[in-house]
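Throughout, residue positions are numbered sequentially from 1 according to the sequence presented.
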Amino acid sequence: QVQLVESGGGLVQAGGSLRLSCTASGRTFTTITMGWFRRAPGEEREFVAAITRTAGTTYYTDSVKGRFTISRDIAKGTVYLQMNSLKPEDTAAYYCAAASRTTVVDREYEYWGQGTQVTVSS
């Protein structure tokens, strides 16, 4: 009952920035946490960042701390991922997801966006 639409991916040189957006619609009142995950070719899906709807508590994987910032606009139903100082190893398909509990575990997220590709060249 929740639809997620992502945008903002693209091709950028190392050291550059991108901002990903994910807008949720439908029965979003059940959402407790919104998160970003990524999957590089040949790799497993990896947690990137998450934010809780009420308190705005944020969570990050170690590899992006200090470079990525997750935020949300409750009125717009949108979550953002500001990605700075991008590295080639950040290259992946990035997915927005929504969960009805506070979690960073991918299998505990109920709704997923279509994904947006981020490619960082060196």
Side-chain angles (χ1 to χ4, degrees):
Q1 298 91 343
V2 177
Q3 296 79 46
L4 305 175
V5 179
E6 298 163 286
S7 63
L11 175 64
V12 65
Q13 290 188 340
S17 298
L18 287 172
R19 189 179 74 159
L20 307 183
S21 299
C22 174
T23 298
S25 61
R27 299 172 182 171
T28 59
F29 61 89
T30 62
T31 298
I32 299 299
T33 312
M34 295 189 70
W36 289 94
F37 296 80
R38 66 187 181 187
R39 184 168 64 186
E43 302 292 334
E44 294 185 346
R45 186 168 53 199
E46 175 190 25
F47 167 75
V48 178
I51 187 167
T52 63
R53 178 174 57 85
T54 54
T57 305
T58 58
Y59 306 85
Y60 299 94
T61 191
D62 286 345
S63 64
V64 308
K65 289 180 179 177
R67 299 189 298 121
F68 292 9
T69 302
I70 189 170
S71 61
R72 85 269 197 259
D73 185 326
I74 297 175
K76 294 181 178 180
T78 300
V79 63
Y80 305 94
L81 186 67
Q82 179 67 46
M83 309 165 67
N84 297 328
S85 301
L86 283 162
K87 303 175 180 180
E89 50 262 47
D90 295 317
T91 295
Y94 284 70
Y95 298 87
C96 177
S100 58
R101 61 185 296 180
T102 302
T103 181
V104 300
V105 179
D106 55 359
R107 67 178 180 271
E108 296 180 351
Y109 281 73
E110 292 99 355
Y111 303 99
W112 293 82
Q114 80 284 359
T116 185
Q117 179 67 36
V118 172
T119 302
V120 184
S121 63
S122 60

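Two residues are said to be in side-chain contact when any heavy atoms from C-beta on lie closer than 4.5 Å; Lys87 and Arg67 meet this criterion. Using a 4.5 Å heavy-atom threshold, the side chains of Thr30 and Arg53 count as separate.
Side-chain contact of Thr78 with Ser21: a donor-acceptor pair under 3.5 Å is absent, judged by distance alone. For the residue pair Tyr80/Arg19, the side-chain donor-acceptor check at 3.5 Å is not satisfied. A donor-acceptor contact under 3.5 angstrom links the side chains of Thr103 and Glu108, judged on distance only.
Atoms CD and CD, on Glu43 and Glu89 in that order, are 12.0 Å from each other to the nearest 0.5 Å. Distance OG1/Thr91 to CG/Leu86: 8.5 Å, rounded to 0.5 Å. Here Cys96 contributes atom SG and Leu20 contributes atom CG; the two are 9.5 Å apart, rounded to the nearest 0.5 Å. Interatomic distance, CD1 of Ile74 versus OG1 of Thr31, reported as 11.5 Å (0.5 Å rounding). Distance check, rounded to the nearest 0.5 Å: CZ of Arg38 to CG of Leu81 gives 9.5 Å.
Both tests do not hold together for Arg72 against Trp36: distance to the six-membered ring centre under 6.0 Å, angle to the ring axis within 45°.
Taken together through direct or relayed side-chain contacts under 4.5 Å among Ile, Leu, Val, Met, Phe, Trp and Tyr, Leu4 and Phe47 form parts of separate hydrophobic clusters.
Between Tyr111 and the options Met34, Gln1, Gln3, Arg27, a side-chain contact (heavy atoms from CB on, under 4.5 Å) holds for only Gln1. Among Ile51, Val104, Thr33, Ile70, the single residue meeting the side-chain contact (heavy atoms from CB on, under 4.5 Å) criterion with Tyr59 is Val104.
Under the 4.0 Å criterion applied to side-chain N and carboxylate O atoms, Arg39 and Glu46 are not assigned as salt-bridge partners. A salt bridge links Asp62 with Lys65; the closest basic N to acidic carboxylate O contact falls under 4.0 Å.
Here Tyr95 and Phe37 keep their ring centres 6.0 angstrom or further from each other.
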